[in-house]
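Atoms considered below: every heavy atom in the structure, side chains included; atoms not considered: hydrogens, waters and symmetry mates. Atoms within a ligand are numbered from 1 in the order they appear, just like the ligands themselves.
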Amino acid sequence: MSSETFDIKDSTLADIGRNRIEWAETDMPVLRTIREKFEKDKPFKGITIGCCLHVTTETANLMRTLKSGGADVYLCASNPLSTQDDVAAALVKHYDVPTFAIKGEDNDTYYKHLNAVLDSRPQITQDDGCDLVSTIHRDRPDQIKDIVGGTEETTTGVIRLKAMAKDNALKFPVIAVNDSMTKHFFDNRYGTGQSTIDGIVRATNRLLAGSTFVMAGYGWCGRGIAMRAKGMGSRVIVTEVDAVKALEAHMDGFLVLPMKEAAKVADFICTSTGDINVVDMEDFEVMKDGCIVCNSGHFDVEINVAGLKEQAKQINDIRPFVKEYKLDKKSVYVLADGRLVNLSSAEGHPACVMDMSFANQALGAKYILDNKGKLSNDVHVLPEDLDIEIARLKLNALGVEIDKLTPEQKEYLSSWKHGT
Ligand code: ADE
(Lines give C-alpha, C1' and ligand atoms only; values in the text may rest on other atoms or scores of the structure.)
Protein backbone atom coordinates (compact mmCIF):
# COMPACT_ATOMS: atom_id res chain seq x y z
CA MET A 1 0.00 0.00 0.00
CA SER A 2 1.45 3.42 -0.93
CA SER A 3 2.14 5.77 1.99
CA GLU A 4 -0.50 8.30 0.79
CA THR A 5 -3.20 5.73 1.38
CA PHE A 6 -2.69 5.50 5.13
CA ASP A 7 -1.51 7.55 8.08
CA ILE A 8 -0.35 5.63 11.12
CA LYS A 9 2.24 6.10 13.85
CA ASP A 10 4.73 3.29 13.31
CA SER A 11 4.54 0.44 10.80
CA THR A 12 7.13 -1.60 12.75
CA LEU A 13 4.37 -2.31 15.32
CA ALA A 14 2.43 -4.38 12.75
CA ASP A 15 3.42 -7.86 13.97
CA ILE A 16 2.58 -7.04 17.61
CA GLY A 17 -0.79 -5.75 16.39
CA ARG A 18 -1.46 -8.89 14.35
CA ASN A 19 -0.86 -11.14 17.38
CA ARG A 20 -3.27 -9.11 19.49
CA ILE A 21 -5.90 -9.04 16.71
CA GLU A 22 -5.69 -12.83 16.41
CA TRP A 23 -5.98 -13.16 20.20
CA ALA A 24 -9.17 -11.05 20.20
CA GLU A 25 -10.53 -13.12 17.32
CA THR A 26 -10.46 -16.26 19.47
CA ASP A 27 -13.20 -14.68 21.63
CA MET A 28 -15.35 -13.47 18.69
CA PRO A 29 -17.10 -16.64 17.47
CA VAL A 30 -20.25 -14.93 16.19
CA LEU A 31 -18.29 -12.57 13.99
CA ARG A 32 -16.25 -15.58 12.78
CA THR A 33 -19.43 -17.38 11.70
CA ILE A 34 -20.55 -14.27 9.82
CA ARG A 35 -17.11 -13.89 8.24
CA GLU A 36 -17.19 -17.47 6.97
CA LYS A 37 -20.60 -16.88 5.40
CA PHE A 38 -19.50 -13.56 3.87
CA GLU A 39 -16.45 -15.30 2.41
CA LYS A 40 -18.76 -17.59 0.41
CA ASP A 41 -21.52 -15.10 -0.49
CA LYS A 42 -19.46 -11.90 -1.06
CA PRO A 43 -22.39 -9.55 -0.24
CA PHE A 44 -20.16 -6.44 -0.52
CA LYS A 45 -18.52 -7.15 -3.88
CA GLY A 46 -17.77 -3.78 -5.51
CA ILE A 47 -18.87 -1.83 -2.42
CA THR A 48 -16.73 0.67 -0.49
CA ILE A 49 -17.37 0.95 3.25
CA GLY A 50 -16.02 4.00 5.12
CA CYS A 51 -15.60 3.40 8.85
CA CYS A 52 -15.01 5.80 11.73
CA LEU A 53 -14.62 3.49 14.73
CA HIS A 54 -12.26 3.08 17.69
CA VAL A 55 -9.17 1.45 16.17
CA THR A 56 -8.87 -1.59 18.41
CA THR A 57 -8.19 -5.30 18.01
CA GLU A 58 -11.94 -5.95 17.95
CA THR A 59 -12.53 -3.35 15.24
CA ALA A 60 -9.74 -4.95 13.20
CA ASN A 61 -11.75 -8.19 13.24
CA LEU A 62 -14.81 -6.32 12.00
CA MET A 63 -12.68 -4.89 9.16
CA ARG A 64 -11.52 -8.41 8.27
CA THR A 65 -15.15 -9.55 8.21
CA LEU A 66 -16.26 -6.76 5.87
CA LYS A 67 -13.29 -7.43 3.58
CA SER A 68 -14.12 -11.14 3.51
CA GLY A 69 -17.50 -10.09 2.16
CA GLY A 70 -15.75 -8.40 -0.76
CA ALA A 71 -15.80 -4.78 0.47
CA ASP A 72 -13.09 -2.18 0.06
CA VAL A 73 -12.76 -0.84 3.59
CA TYR A 74 -11.27 2.46 4.80
CA LEU A 75 -10.88 3.20 8.51
CA CYS A 76 -10.25 6.26 10.70
CA ALA A 77 -10.50 6.71 14.46
CA SER A 78 -13.70 7.82 16.19
CA ASN A 79 -11.75 9.38 19.06
CA PRO A 80 -8.28 10.98 19.06
CA LEU A 81 -7.14 8.97 22.11
CA SER A 82 -8.59 5.52 21.52
CA THR A 83 -6.36 4.29 18.68
CA GLN A 84 -4.13 1.28 19.31
CA ASP A 85 -1.14 2.13 17.12
CA ASP A 86 -0.05 -1.50 16.70
CA VAL A 87 -3.51 -2.39 15.41
CA ALA A 88 -3.46 0.50 12.93
CA ALA A 89 -0.06 -0.75 11.68
CA ALA A 90 -1.29 -4.35 11.36
CA LEU A 91 -4.40 -3.27 9.47
CA VAL A 92 -2.23 -1.54 6.89
CA LYS A 93 0.52 -4.16 6.62
CA HIS A 94 -1.26 -7.46 7.15
CA TYR A 95 -4.93 -6.88 6.38
CA ASP A 96 -4.82 -4.43 3.48
CA VAL A 97 -7.09 -1.86 5.19
CA PRO A 98 -6.13 1.79 4.50
CA THR A 99 -6.13 3.20 8.03
CA PHE A 100 -5.84 6.81 9.15
CA ALA A 101 -5.39 6.92 12.92
CA ILE A 102 -2.67 7.92 15.38
CA LYS A 103 -3.17 7.77 19.15
CA GLY A 104 -3.10 11.33 20.53
CA GLU A 105 -3.72 13.03 17.16
CA ASP A 106 -4.82 16.67 17.38
CA ASN A 107 -8.23 17.87 16.24
CA ASP A 108 -7.04 18.97 12.79
CA THR A 109 -5.46 15.57 12.15
CA TYR A 110 -8.59 13.85 13.43
CA TYR A 111 -10.70 15.65 10.82
CA LYS A 112 -8.04 15.23 8.11
CA HIS A 113 -8.24 11.46 8.74
CA LEU A 114 -12.02 11.51 8.64
CA ASN A 115 -11.92 13.30 5.30
CA ALA A 116 -9.33 10.84 3.98
CA VAL A 117 -11.87 8.06 4.58
CA LEU A 118 -14.58 10.09 2.86
CA ASP A 119 -12.25 10.66 -0.13
CA SER A 120 -12.78 6.93 -0.84
CA ARG A 121 -16.41 7.87 -1.66
CA PRO A 122 -18.05 5.10 0.39
CA GLN A 123 -21.50 3.70 -0.38
CA ILE A 124 -21.89 2.61 3.24
CA THR A 125 -20.72 4.44 6.36
CA GLN A 126 -20.02 2.94 9.77
CA ASP A 127 -19.84 5.44 12.62
CA ASP A 128 -19.25 5.44 16.35
CA GLY A 129 -20.47 8.90 17.33
CA CYS A 130 -21.94 10.12 14.00
CA ASP A 131 -18.87 12.08 12.86
CA LEU A 132 -18.80 10.62 9.31
CA VAL A 133 -22.51 11.20 8.79
CA SER A 134 -22.42 14.75 10.12
CA THR A 135 -19.27 15.63 8.10
CA ILE A 136 -20.91 14.32 4.91
CA HIS A 137 -24.09 16.32 5.55
CA ARG A 138 -22.22 19.48 6.60
CA ASP A 139 -19.17 19.59 4.33
CA ARG A 140 -19.59 17.04 1.54
CA PRO A 141 -23.29 16.96 0.54
CA ASP A 142 -22.33 16.04 -3.05
CA GLN A 143 -21.48 12.55 -1.73
CA ILE A 144 -24.97 11.87 -0.35
CA LYS A 145 -26.17 10.56 -3.73
CA ASP A 146 -23.53 7.78 -3.62
CA ILE A 147 -24.54 6.57 -0.17
CA VAL A 148 -26.91 3.66 0.31
CA GLY A 149 -26.93 4.04 4.10
CA GLY A 150 -24.96 3.87 7.31
CA THR A 151 -24.69 2.16 10.67
CA GLU A 152 -24.18 3.81 14.06
CA GLU A 153 -22.57 2.11 17.04
CA THR A 154 -23.23 4.28 20.07
CA THR A 155 -25.99 5.91 22.15
CA THR A 156 -24.61 9.44 21.61
CA GLY A 157 -24.46 8.93 17.84
CA VAL A 158 -28.02 7.61 17.76
CA ILE A 159 -29.21 10.69 19.69
CA ARG A 160 -27.49 12.97 17.14
CA LEU A 161 -29.02 11.04 14.23
CA LYS A 162 -32.51 11.12 15.70
CA ALA A 163 -32.17 14.91 16.07
CA MET A 164 -31.14 15.11 12.38
CA ALA A 165 -34.07 12.90 11.31
CA LYS A 166 -36.51 15.00 13.36
CA ASP A 167 -35.34 18.12 11.49
CA ASN A 168 -35.63 16.25 8.13
CA ALA A 169 -31.90 16.83 7.80
CA LEU A 170 -30.89 13.15 7.53
CA LYS A 171 -30.51 12.29 3.85
CA PHE A 172 -29.92 8.53 3.97
CA PRO A 173 -31.07 5.66 6.23
CA VAL A 174 -28.96 4.67 9.22
CA ILE A 175 -29.16 1.49 11.29
CA ALA A 176 -28.90 2.18 15.03
CA VAL A 177 -26.72 -0.79 15.97
CA ASN A 178 -26.78 0.50 19.53
CA ASP A 179 -30.50 -0.20 19.74
CA SER A 180 -30.17 -3.94 19.08
CA MET A 181 -30.68 -5.89 22.29
CA THR A 182 -27.52 -7.91 21.65
CA LYS A 183 -25.61 -4.60 21.59
CA HIS A 184 -26.73 -2.37 24.46
CA PHE A 185 -27.64 -5.09 26.99
CA PHE A 186 -24.10 -6.47 26.82
CA ASP A 187 -21.59 -3.98 25.34
CA ASN A 188 -22.96 -0.91 27.17
CA ARG A 189 -23.43 -2.71 30.48
CA TYR A 190 -20.81 -5.46 30.85
CA GLY A 191 -18.34 -3.98 28.37
CA THR A 192 -18.37 -0.41 29.71
CA GLY A 193 -18.63 -1.74 33.26
CA GLN A 194 -15.43 -3.74 33.06
CA SER A 195 -13.40 -1.53 30.70
CA THR A 196 -14.09 1.65 32.68
CA ILE A 197 -12.90 0.12 35.94
CA ASP A 198 -9.94 -1.29 33.96
CA GLY A 199 -9.13 2.21 32.62
CA ILE A 200 -9.31 3.84 36.06
CA VAL A 201 -7.16 1.16 37.65
CA ARG A 202 -4.54 1.12 34.85
CA ALA A 203 -4.27 4.93 34.92
CA THR A 204 -4.11 5.36 38.70
CA ASN A 205 -3.25 1.99 40.31
CA ARG A 206 -5.54 3.11 43.14
CA LEU A 207 -7.56 0.72 45.33
CA LEU A 208 -11.31 0.85 44.82
CA ALA A 209 -12.19 -1.13 47.95
CA GLY A 210 -13.37 1.21 50.68
CA SER A 211 -13.55 4.21 48.33
CA THR A 212 -16.56 6.39 47.58
CA PHE A 213 -17.32 6.15 43.87
CA VAL A 214 -19.78 8.57 42.28
CA MET A 215 -21.44 7.40 39.07
CA ALA A 216 -23.04 10.21 37.07
CA GLY A 217 -25.72 8.69 34.83
CA TYR A 218 -27.60 5.44 35.25
CA GLY A 219 -28.22 4.44 31.64
CA TRP A 220 -26.98 1.05 30.43
CA CYS A 221 -23.33 2.17 30.75
CA GLY A 222 -23.77 3.81 34.16
CA ARG A 223 -25.55 0.71 35.46
CA GLY A 224 -22.64 -1.44 34.33
CA ILE A 225 -19.98 0.80 35.87
CA ALA A 226 -21.88 1.19 39.17
CA MET A 227 -22.36 -2.58 39.40
CA ARG A 228 -18.65 -3.28 38.83
CA ALA A 229 -17.45 -0.49 41.18
CA LYS A 230 -19.68 -1.99 43.88
CA GLY A 231 -18.20 -5.40 43.13
CA MET A 232 -14.72 -3.99 43.72
CA GLY A 233 -15.78 -2.82 47.17
CA SER A 234 -16.59 0.86 46.54
CA ARG A 235 -19.47 2.65 48.22
CA VAL A 236 -21.33 3.78 45.08
CA ILE A 237 -23.40 6.95 44.83
CA VAL A 238 -25.47 7.57 41.70
CA THR A 239 -26.46 10.99 40.32
CA GLU A 240 -29.27 11.28 37.77
CA VAL A 241 -31.66 13.77 36.13
CA ASP A 242 -34.15 11.10 35.03
CA ALA A 243 -36.69 10.21 37.73
CA VAL A 244 -37.20 6.60 36.58
CA LYS A 245 -33.48 5.86 36.33
CA ALA A 246 -32.90 7.50 39.72
CA LEU A 247 -35.60 5.31 41.23
CA GLU A 248 -34.06 2.24 39.64
CA ALA A 249 -30.63 3.14 41.08
CA HIS A 250 -32.24 3.65 44.51
CA MET A 251 -33.94 0.24 44.36
CA ASP A 252 -30.71 -1.36 43.10
CA GLY A 253 -29.32 -0.33 46.48
CA PHE A 254 -27.31 2.76 45.54
CA LEU A 255 -27.40 6.07 47.37
CA VAL A 256 -28.82 8.69 44.97
CA LEU A 257 -27.71 12.30 45.49
CA PRO A 258 -27.42 15.53 43.50
CA MET A 259 -23.90 15.98 42.11
CA LYS A 260 -23.13 18.96 44.34
CA GLU A 261 -23.68 16.74 47.41
CA ALA A 262 -22.03 13.64 45.99
CA ALA A 263 -18.93 15.61 44.92
CA LYS A 264 -18.20 16.51 48.57
CA VAL A 265 -17.54 12.90 49.56
CA ALA A 266 -16.20 11.38 46.34
CA ASP A 267 -12.86 9.65 45.95
CA PHE A 268 -13.71 8.87 42.32
CA ILE A 269 -16.27 10.51 40.03
CA CYS A 270 -17.10 8.92 36.69
CA THR A 271 -19.49 10.40 34.12
CA SER A 272 -21.47 8.55 31.47
CA THR A 273 -24.47 10.74 30.65
CA GLY A 274 -23.98 12.04 27.08
CA ASP A 275 -24.45 15.63 28.28
CA ILE A 276 -22.20 18.62 28.93
CA ASN A 277 -20.69 19.97 32.16
CA VAL A 278 -22.03 17.22 34.36
CA VAL A 279 -19.04 17.87 36.60
CA ASP A 280 -18.80 21.66 36.67
CA MET A 281 -16.86 24.35 38.54
CA GLU A 282 -19.20 24.36 41.55
CA ASP A 283 -18.56 20.62 41.93
CA PHE A 284 -14.76 21.04 41.78
CA GLU A 285 -15.12 23.70 44.50
CA VAL A 286 -16.61 21.25 47.00
CA MET A 287 -14.50 18.18 46.16
CA LYS A 288 -12.05 16.69 48.64
CA ASP A 289 -8.34 17.06 48.07
CA GLY A 290 -7.22 14.24 45.74
CA CYS A 291 -10.54 13.46 44.08
CA ILE A 292 -10.11 11.56 40.79
CA VAL A 293 -12.50 12.55 37.99
CA CYS A 294 -13.01 10.72 34.70
CA ASN A 295 -15.46 10.23 31.86
CA SER A 296 -16.74 7.16 30.06
CA GLY A 297 -19.28 8.92 27.83
CA HIS A 298 -18.60 9.30 24.10
CA PHE A 299 -17.50 12.97 23.95
CA ASP A 300 -15.07 14.88 26.16
CA VAL A 301 -17.76 17.38 27.21
CA GLU A 302 -19.03 15.86 30.45
CA ILE A 303 -16.32 17.33 32.70
CA ASN A 304 -15.67 21.08 32.48
CA VAL A 305 -11.94 20.65 31.86
CA ALA A 306 -11.66 24.06 30.15
CA GLY A 307 -13.03 25.81 33.26
CA LEU A 308 -10.74 23.77 35.48
CA LYS A 309 -7.72 24.77 33.36
CA GLU A 310 -8.64 28.43 33.78
CA GLN A 311 -8.95 28.19 37.57
CA ALA A 312 -5.89 26.01 38.14
CA LYS A 313 -2.80 27.59 39.72
CA GLN A 314 -0.72 24.81 38.23
CA ILE A 315 -1.24 21.76 36.02
CA ASN A 316 1.08 18.75 36.31
CA ASP A 317 1.37 15.52 34.33
CA ILE A 318 1.59 12.94 37.11
CA ARG A 319 1.68 9.74 35.09
CA PRO A 320 0.24 8.72 31.70
CA PHE A 321 -3.43 9.76 31.57
CA VAL A 322 -3.35 11.45 35.01
CA LYS A 323 -3.28 15.27 35.21
CA GLU A 324 -3.16 17.17 38.46
CA TYR A 325 -5.02 20.49 38.65
CA LYS A 326 -3.77 22.48 41.66
CA LEU A 327 -6.57 24.70 42.92
CA ASP A 328 -6.53 27.11 45.90
CA LYS A 329 -6.54 24.57 48.72
CA LYS A 330 -6.44 21.21 47.00
CA SER A 331 -5.57 19.17 43.96
CA VAL A 332 -8.02 17.29 41.78
CA TYR A 333 -6.97 14.75 39.16
CA VAL A 334 -8.55 14.32 35.73
CA LEU A 335 -7.96 11.10 33.77
CA ALA A 336 -7.36 11.07 29.99
CA ASP A 337 -8.20 14.80 29.68
CA GLY A 338 -11.86 13.94 30.18
CA ARG A 339 -11.97 11.66 27.15
CA LEU A 340 -13.32 8.09 27.24
CA VAL A 341 -11.23 6.58 30.05
CA ASN A 342 -11.96 2.98 29.04
CA LEU A 343 -10.50 3.43 25.57
CA SER A 344 -7.77 5.92 26.49
CA SER A 345 -5.97 4.25 29.37
CA ALA A 346 -7.33 0.75 28.78
CA GLU A 347 -8.25 -1.18 25.63
CA GLY A 348 -12.02 -0.66 25.47
CA HIS A 349 -14.52 -3.46 25.86
CA PRO A 350 -13.27 -7.03 25.74
CA ALA A 351 -13.72 -9.04 22.55
CA CYS A 352 -16.46 -11.24 24.04
CA VAL A 353 -19.01 -8.39 23.99
CA MET A 354 -17.66 -6.58 20.92
CA ASP A 355 -18.33 -9.89 19.14
CA MET A 356 -22.06 -9.19 19.36
CA SER A 357 -21.81 -5.44 18.72
CA PHE A 358 -19.78 -6.03 15.58
CA ALA A 359 -21.98 -8.91 14.46
CA ASN A 360 -24.72 -6.25 14.46
CA GLN A 361 -22.45 -3.87 12.51
CA ALA A 362 -21.64 -6.52 9.90
CA LEU A 363 -25.25 -7.65 9.50
CA GLY A 364 -26.38 -4.00 9.61
CA ALA A 365 -24.18 -3.17 6.60
CA LYS A 366 -25.59 -6.16 4.71
CA TYR A 367 -29.17 -5.20 5.68
CA ILE A 368 -28.60 -1.71 4.26
CA LEU A 369 -27.52 -3.19 0.93
CA ASP A 370 -30.25 -5.84 0.84
CA ASN A 371 -32.82 -3.09 1.38
CA LYS A 372 -31.30 -0.52 -0.97
CA GLY A 373 -33.93 2.09 -1.91
CA LYS A 374 -36.52 0.62 0.49
CA LEU A 375 -35.58 2.30 3.77
CA SER A 376 -36.68 5.85 4.60
CA ASN A 377 -34.11 8.52 5.48
CA ASP A 378 -34.49 7.81 9.16
CA VAL A 379 -32.94 5.87 12.03
CA HIS A 380 -33.81 2.16 11.84
CA VAL A 381 -33.36 -0.79 14.17
CA LEU A 382 -32.19 -4.17 12.85
CA PRO A 383 -35.09 -6.65 12.61
CA GLU A 384 -35.62 -8.62 15.81
CA ASP A 385 -34.99 -11.98 14.12
CA LEU A 386 -31.39 -10.91 13.29
CA ASP A 387 -30.90 -9.74 16.89
CA ILE A 388 -32.19 -13.09 18.21
CA GLU A 389 -30.04 -15.01 15.72
CA ILE A 390 -26.95 -13.21 17.11
CA ALA A 391 -27.99 -14.20 20.66
CA ARG A 392 -28.48 -17.81 19.54
CA LEU A 393 -25.08 -17.95 17.87
CA LYS A 394 -23.49 -16.51 21.03
CA LEU A 395 -25.24 -19.02 23.30
CA ASN A 396 -24.16 -21.80 20.97
CA ALA A 397 -20.55 -20.65 21.09
CA LEU A 398 -20.71 -20.41 24.88
CA GLY A 399 -22.14 -23.94 25.09
CA VAL A 400 -25.33 -22.72 26.78
CA GLU A 401 -28.46 -24.70 25.94
CA ILE A 402 -31.99 -23.35 26.38
CA ASP A 403 -35.48 -24.84 26.27
CA LYS A 404 -37.89 -24.77 23.30
CA LEU A 405 -41.60 -24.04 23.57
CA THR A 406 -43.71 -27.19 23.22
CA PRO A 407 -46.56 -27.06 20.65
CA GLU A 408 -48.95 -26.93 23.64
CA GLN A 409 -47.12 -23.91 25.11
CA LYS A 410 -47.05 -22.15 21.74
CA GLU A 411 -50.77 -22.66 21.36
CA TYR A 412 -51.38 -21.35 24.89
CA LEU A 413 -49.35 -18.19 24.24
CA SER A 414 -51.12 -17.45 20.97
CA SER A 415 -54.65 -17.96 22.27
CA TRP A 416 -56.81 -15.41 24.08
CA LYS A 417 -59.41 -17.99 25.06
CA HIS A 418 -57.64 -19.46 28.10
CA GLY A 419 -58.54 -17.88 31.45
CA THR A 420 -58.38 -18.72 35.14
N1 ADE B 1 -16.04 0.66 22.04
C2 ADE B 1 -15.83 0.24 23.28
N3 ADE B 1 -14.92 -0.74 23.32
C4 ADE B 1 -14.52 -0.95 22.05
C5 ADE B 1 -13.59 -1.83 21.45
N6 ADE B 1 -12.90 -2.71 22.16
N7 ADE B 1 -13.44 -1.75 20.11
C8 ADE B 1 -14.15 -0.87 19.40
N9 ADE B 1 -15.03 -0.02 19.90
C10 ADE B 1 -15.22 -0.06 21.23
If the threshold is 4.0 Å, N to carboxylate O, is there a salt bridge linking D179 and K183?
no
Pairs where residues 224-248 contributes a residue and the test ring pair (Phe, Tyr, Trp, His ring centres under 6.0 Å) is met, not counting sequence neighbours:
none
Test: E347 and R202 ion pair at under 4.0 Å
yes
Less than 4.0 Å between a side-chain N and a carboxylate O, is that true for E105 and K103?
no
Is there any ring pair (Phe, Tyr, Trp, His ring centres under 6.0 Å) pair reaching into residues 144-191, and which pairs are they, with sequence neighbours excluded?
H137-F172, H184-W220, F185-W220
Might you list the protein residues in contact with ligand 1, defined as having a heavy atom under 4.0 Å from one of its atoms, sorted by chain and number?
H54, T56, E58, T59, L343, E347, G348, H349, M354, F358
Can you list every pair that meets salt bridge (charged side-chain N to carboxylate O under 4.0 Å, His left out) and has a residue in residues 122-133, with sequence neighbours left out?
D131-R160
